[in-house]
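Notes follow once the structure below has been shown.
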Amino acid sequence: MSRQANRGTESKKMSSELFTLTYGALVTQLCKDYENDEDVNKQLDKMGYNIGVRLIEDFLARSNVGRCHDFRETADVIAKVAFKMYLGITPSITNWSPAGDEFSLILENNPLVDFVELPDNHSSLIYSNLLCGVLRGALEMIRKLRYTANT
Amino acid sequence: MEMLEDPETGKKQREGRRYLSRAANIDKAGPPPNLPGSGACHESPEKEGGASPKHQWKREWAGSRLGIGGGACPAGPMRTLGAERLLGTGGRRMADVVLFEFLHTEMVAELWAQDPDPGPGGQKVSLSVLEGMGFRVGQALGERLPRETLAFREELDVLKFLCKDVWAAVFQKQMDSLRTNHQGTYVLQDNSFPLLIRMASGLQYLEEAPKFLAFTCGLLRGTLSTLGIKSLVTASVAALPACKFQVVIQRS
């Protein structure tokens, strides 16, 4: 149903406040709809995934980033190009596993949580879980692309 | 049924467009506005008084013509004080607009899928949930405006603020036109509404369009609410991606 609008490499920016506020309203609504935090977390991840699989197309079309040769490069692109482009922040990359297949992204200034306070009864809510879903969706698409290219 | 007279051509137009379903007007997640019991169609401005003359709809402003010899709108500053705040200029962090568009689409999909009742009753709930979320966001946006912005001289100024500054902050463009009958009803027209652009153009997916407008209706209603104006906002789509938002001021 959706059709990619042809925007070329031009990017339009808005104040991240609107995004933050909308996200907050969404999480609030999900907390009302689902009885426990675990379900909300799952829902956020799922929604993020759906966003991620489309976001990656937008990213590839606009960023002119070439193929990453290894996972470390991927991490760099995510933190320094993608996050910068979409959220205006650059998280830091730390905590590499010995095998080099796992790392952590630390967001010092997460725009999603601006002005947000979690009440005590939502201690297991992963507020920013949408981001996890987005990353998961986007990376899964890349992996699929890679497979296709190799066949 | 009230006929809208186009001031430019004098031609009258029948209300043959699709409106948000009647139900969407009635239940809101936010404080429910007191509906005068009329249906989804155009709120008749005649409800206020008794015998009413034919209302002249004045085209208050054609957004795209601003700055080029003016339009119907008396010259005013292009942006008000609150604009920097809303637009994120002046050192505030910027996000890519695509994120908001994708998030909005996902929200519509999510809230639609959730509802077990696919009939008109179910639709009503989903639309009002989306509208309620927009309302909260609109309120919060309004609350972030500096005090000076709130000193509007009259109601029309508030609507112009919505059309120029708020619309530019949220959708990176101004509303294309604003019409009013000076009796508390305003029609805001956007000829290429960003949240509808990706969908299609023309008549395809007309059925789906209301879902994509509910949040924005709430946003307008919420911002107006913070600015001290109680209203009812509905939207209609004749052909994507153009749509009209109808704001009816509720005077209690």
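Here the structure is a predicted model, which is why all the values come from computation and not from measurement. Lettering of chains follows the sequences in order, A, B, ..., and the numbering in each one begins at 1.
Of the two parts of Lys84(A), neither the backbone nor the side chain holds a non-hydrogen atom closer than 4.5 Å to a non-hydrogen atom of chain B.
Expressed to the nearest 0.5 Å, how far CE of Met94(B) lies from OG of Ser16(A) amounts to 8.0 Å. Interatomic distance, Tyr23(A) OH to Leu103(B) CG, rounded to the nearest 0.5 Å: 8.5 Å. Going from atom NE2 of His104(B) over to atom CG of Leu26(A) covers 11.5 Å, rounded to the nearest 0.5 Å. Rounded to the nearest 0.5 Å, atoms CD (Glu106(B)) and CG (Leu44(A)) are 11.0 Å apart. The CZ atom of Phe215(B) sits 4.0 Å away from the OG1 atom of Thr22(A) when rounded to the nearest 0.5 Å.
Taking Thr20(A), Leu130(A), Thr28(A), Asn109(A) one by one and counting their heavy-atom pairs under 4.5 Å with chain B, the maximum is reached by Asn109(A).
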Chi angles and distances behind the side-chain contact (heavy atoms from CB on, under 4.5 Å) call for Glu101(B), Lys12(A): CA-CA 12 Å; Glu101(B) 285 168 25; Lys12(A) 285 205 254 176; over 6 Å; no
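Of the charged side-chain nitrogens involved, at least one lies within less than 4.0 Å of a carboxylate oxygen, so that Lys13(A) and Asp96(B) count as a salt-bridged pair.
Side-chain atoms of Arg54(A) and Thr105(B), non-hydrogen and from C-beta on, do get closer than 4.5 Å to each other. Contact check for Glu110(B) versus Asn50(A): no side-chain heavy atoms found under the 4.5 Å cut-off.
For the pairing with Leu99(B), the side-chain contact (heavy atoms from CB on, under 4.5 Å) check across Val134(A), Leu18(A), Leu55(A) returns one residue only, Leu55(A).
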